[in-house]
Amino acid sequence: MISPPPEIAAILAKLRAAGYEAQAVGGCVRDSLLGRTPGDWDICTSALPEAVVACFGEEKTIPTGMKHGTVTVRSGSVTAEVTTYRSDGAYTDHRRPDAVRFLGSLEEDLKRRDFTVNAMALDASGQVVDLFGGRQDLAAGLIRCVGTPEDRFREDALRILRALRFAARLGFAIEPETGRAMVACRELLHALSPERVLAELRGFLTAPKPGAPASAFAPVLAEALPGLTAEAVTAAAPVLDESPADFALRAALLCASLDAPAAEALADSLRFDGKTKKRFLSFSAALKTPPPRSRGELLPLLRLLGWEDAALLAALPGKEGFAALVGAAKAALLPLHGSGLALGGEELLALGAGPGRQVGEILEALLEAVWEGTAENTAESLRPLAEKLLRCRIDSCGAVVFRESAAGTEALLIYHRKGWGFPKGHLQPGETEEACAVRETLEETGIRITADSGFRRETVSQRQGDRRKVIFLLGRYESGEARPQPGETRAAAWFPAEEAAGLVYYPGDREIYLAALAYYRKHT
């Protein structure tokens with residue numbers, strides 16, 4: 001016997017006293033049988049919607065779905081959705097019935113529901129009304145459709161994703177015939193609104209155990225997530241259960257095969273809200289970044305993620321080294337931005353720095369020194385370094401390199417201390433800018449290029465007490481395989497031209513990259 005909360009019992013009693021049938025139904029019954037506290041209570045009744053309003057009065061009712069037979073009733077501090085027994089008409093859009101017919105039969109109402117574990121009700125004595133084997137499927141840990149599975153999914157394609165969500169939430173398997181119908185009907189998911197798909201995916205990915213159903217129904221998820229393949233879903237699924245149950249993080253893990261433009265396209269197509277999209281793309285970028293080996297290399301990731309999301313990333317399996325770096329940096333109370341330094345912009349101006357960009361560049365260099373441990377975050381420690389930065393100017397040269405392949409235009413990027421960028425290094429005495437760009441590219445990546453001085457851009461960077469003007473030329477690929485050089489770079493690789501734009505770490509370098517790409521396409 002199941003006893004509803006007093007507020008729900010009062011709604012049931014009032015409907016019954018007025019001469020109507022009324023039962024608690026659906027998920028609240030399922031959760032009660034599983035020993036869980038239901039999140040909400042739904043009621044089905046023989047009373048028409050207008051009769052429900054008349055029974056409780058307009059002050060205690062909200063006409064939330066009168067067309068479909070639903071009235072929200074307030075009882076004390078609790079609300080419940082009260083819905084008239086009904087059967088559904090045809091589902092021409094694979095989502096909602098074209099029309100509903102109100103009935104006087106609990107059996108007909110339960111017959112239209114999605115899964116057996118959700119098609120149970122409570123009679124007046126608190127006994128379970130189970131006409132379709134819901135209790136048996138609960139005991140067996142199965143999600144099974146009521147009736148013919150393919151009919152249920154063609155009526156409402158959202159039920160395909162609901163099956164995955166319930167399986168992940170309850171730790172259940174999906175009954176074989178139901179599973180086969182999910183795969184067979186997966187193209188119907190395209191008829192659903194992005195908002196509905198996103199809501200189900202959010203519930204699925206934040207459930208306790210999404211890994212097994214994700215792997216078993218990879219073709220279904222690939223259909224729901226634009227750009228993903230079933231193979232990619234299968235490869236990503238094992239880590240889901242071991243990761244924190246955060247939607248943005250788990251979505252990034254599931255979509256780890258997507259490059260930056262494809263990940264952004266997916267977020268837009270499913271209409272992620274702004275905050276979720278930003279976190280999803282930040283996690284996606286962080287997962288593709290080589291693991292930091294020092295506090296200095298950790299800073300870009302922390303600025304990308306923030307402390308809370310960095311802690312979520314650190315909780316992933318195999319991230320123990322990252323977790324230790326994050327913990328140590330947090331314990332040291334290191335600032336993430338120049339505004340947290342003990343030496344500020346006014347002091348730099350007094351030392352002779354130019355306003356605006358130069359102040360920002362020096363603050364960034366001072367912050368980097370604090371993180372790398374070459375300076376303390378005190379005015380006494382930072383002032384001499386700032387003075388040195390103002391004195392020093394070492395010219396370097398590099399190249400933004402492109403090539404054509406079967407996949408289209410590709411860009412050569414290297415990963416060094418902070419993130420992805422371009423090969424560059426010091427000009428040697430008597431060396432031309434073109435010769436420096438060619439030599440540094442070969443030394444850092446193993447790639448031979450021709451330098452095109454028709455494209456020339458300058459930027460300024462700070463490193464270990466040096467303020468460098470860096471001159472970038474355009475590089476055209478000649479030969480060689482991209483490979484990192486010991487002591488020079490951590491990674492060297494070709495990327496599709498559009499993807500590379502989102503990977504370049506420094507905003508100034510990103511502007512140079514986009515200008516170089518435009519020049520290359522115009523002159524190639």
Side-chain angles (χ1 to χ4, degrees), residues 94 153 157-169 174 179-207 209-273 276-289 309 312-313 316-317 407-408 493 495-496 498-503:
H94 305 295
F153 296 137
L158 195 66
R159 289 169 175 164
I160 298 171
L161 298 179
R162 281 170 60 84
L164 289 176
R165 174 165 62 85
F166 284 123
R169 175 185 166 192
I174 294 176
R180 285 190 290 271
M182 289 168 61
V183 175
C185 296
R186 66 187 185 276
E187 291 185 2
L188 299 178
L189 294 173
H190 297 299
L192 302 174
S193 71
E195 292 84 359
R196 291 285 185 176
V197 173
L198 178 60
E200 290 299 328
L201 288 172
R202 186 182 294 274
F204 170 70
L205 285 176
T206 56
K209 296 291 182 182
S215 181
F217 293 94
V220 172
L221 283 173
E223 202 74 38
L225 293 163
L228 277 191
T229 64
E231 294 75 16
V233 173
T234 301
V239 74
L240 294 178
D241 292 355
E242 301 179 73
S243 66
D246 178 90
F247 173 69
L249 174 59
R250 283 186 169 175
L253 290 167
L254 189 62
C255 300
S257 64
L258 299 183
D259 60 28
E264 184 166 9
L266 182 145
D268 289 339
S269 68
L270 292 181
R271 299 183 187 173
F272 284 21
D273 63 86
T276 300
K277 176 181 174 180
K278 181 178 183 299
R279 295 182 66 236
F280 166 69
L281 295 178
S282 295
F283 279 128
S284 295
L287 289 168
K288 291 179 173 63
T289 300
D309 283 353
L312 289 177
L313 188 67
L316 292 177
F495 293 92
E498 279 68 28
E499 179 184 347
L503 292 175

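Excluded from the calculations below are hydrogen atoms, water molecules and symmetry mates; all remaining heavy atoms, backbone and side chain alike, are included.
Inter-residue side-chain proximity for T276 and L198 is flagged as unmet; no heavy-atom pair is nearer than 4.5 Å. Inter-residue side-chain proximity for S269 and L225 is flagged as unmet; no heavy-atom pair is nearer than 4.5 Å.
The CE atom of M182 sits 12.0 Å away from atom CZ of R162, with the distance rounded to the nearest 0.5 Å. To the nearest 0.5 Å, atom CD1 of residue I174 and atom CG of residue L164 are 5.0 Å apart. In this structure, L249 CG and T206 OG1 are separated by 12.0 Å, a value rounded to the nearest 0.5 Å. Rounding to the nearest 0.5 Å places CD of E200 at 11.5 Å from CD1 of I160.
For residues 184-204, no pair satisfies ring pair (Phe, Tyr, Trp, His ring centres under 6.0 Å), with sequence neighbours left out. Residue pairs that meet the salt bridge (Lys or Arg N to Asp or Glu O under 4.0 Å) test with at least one member in residues 240-253, sequence neighbours left out, are D246-R279. Sorted by first then second residue, the ring pair (Phe, Tyr, Trp, His ring centres under 6.0 Å) pairs that include residues 227-272, not counting sequence neighbours, are F247-F272, F272-F280.
Evaluation of the side chain to side chain contact (heavy atoms under 4.5 Å, CB included) rule for A501 yields Y513, L514 as partners, not counting sequence neighbours. Here R202 pairs with nothing under the side chain to side chain donor-acceptor pair (under 3.5 Å) rule; sequence neighbours left out. Partners of E187 under the side chain to side chain donor-acceptor pair (under 3.5 Å) rule, at least two apart in sequence or in another chain, do not exist in this structure. By the salt bridge (Lys or Arg N to Asp or Glu O under 4.0 Å) test, E499 pairs with no residue at all, sequence neighbours left out. In this view, D259 satisfies the side chain to side chain donor-acceptor pair (under 3.5 Å) rule with no residue, not counting sequence neighbours. Residues satisfying the side chain to side chain contact (heavy atoms under 4.5 Å, CB included) test with R180, not counting sequence neighbours, are P176, E177. Under the side chain to side chain donor-acceptor pair (under 3.5 Å) criterion, D268 pairs with K277, sequence neighbours left out. Not counting sequence neighbours, the partners of R271 by the salt bridge (Lys or Arg N to Asp or Glu O under 4.0 Å) test are E195.
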Only distances under 3.5 Å count here; give the side-chain donor-acceptor pairs of residues 228-240 to other protein atoms, sequence neighbours excluded, each with its distance to 0.1 Å.
from	atom 1	to	atom 2	distance (Å)
T229	OG1	A232	N	3.1
T234	OG1	A230	O	3.0

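Residue A286 comes nearest to L313 through the heavy atom pair CB-CD2, 3.9 Å, listed as atom of the first residue, atom of the second, then distance. Contact between F283 and A252 at its shortest, heavy atoms only, is CB-CB, 3.6 Å. Annotation for L158 and V197: closest pair CD1-N, 4.5 Å, computed over non-hydrogen atoms. The two residues S243 and L316 come nearest to each other via the heavy atoms CB-CD2, 3.3 Å. Closest approach of L258 and G227 over heavy atoms only: CD2-O, 3.4 Å.
Judged purely by atom type and a 3.5 angstrom limit, S282 uses its side chain to pair as donor or acceptor with the backbone of K278.
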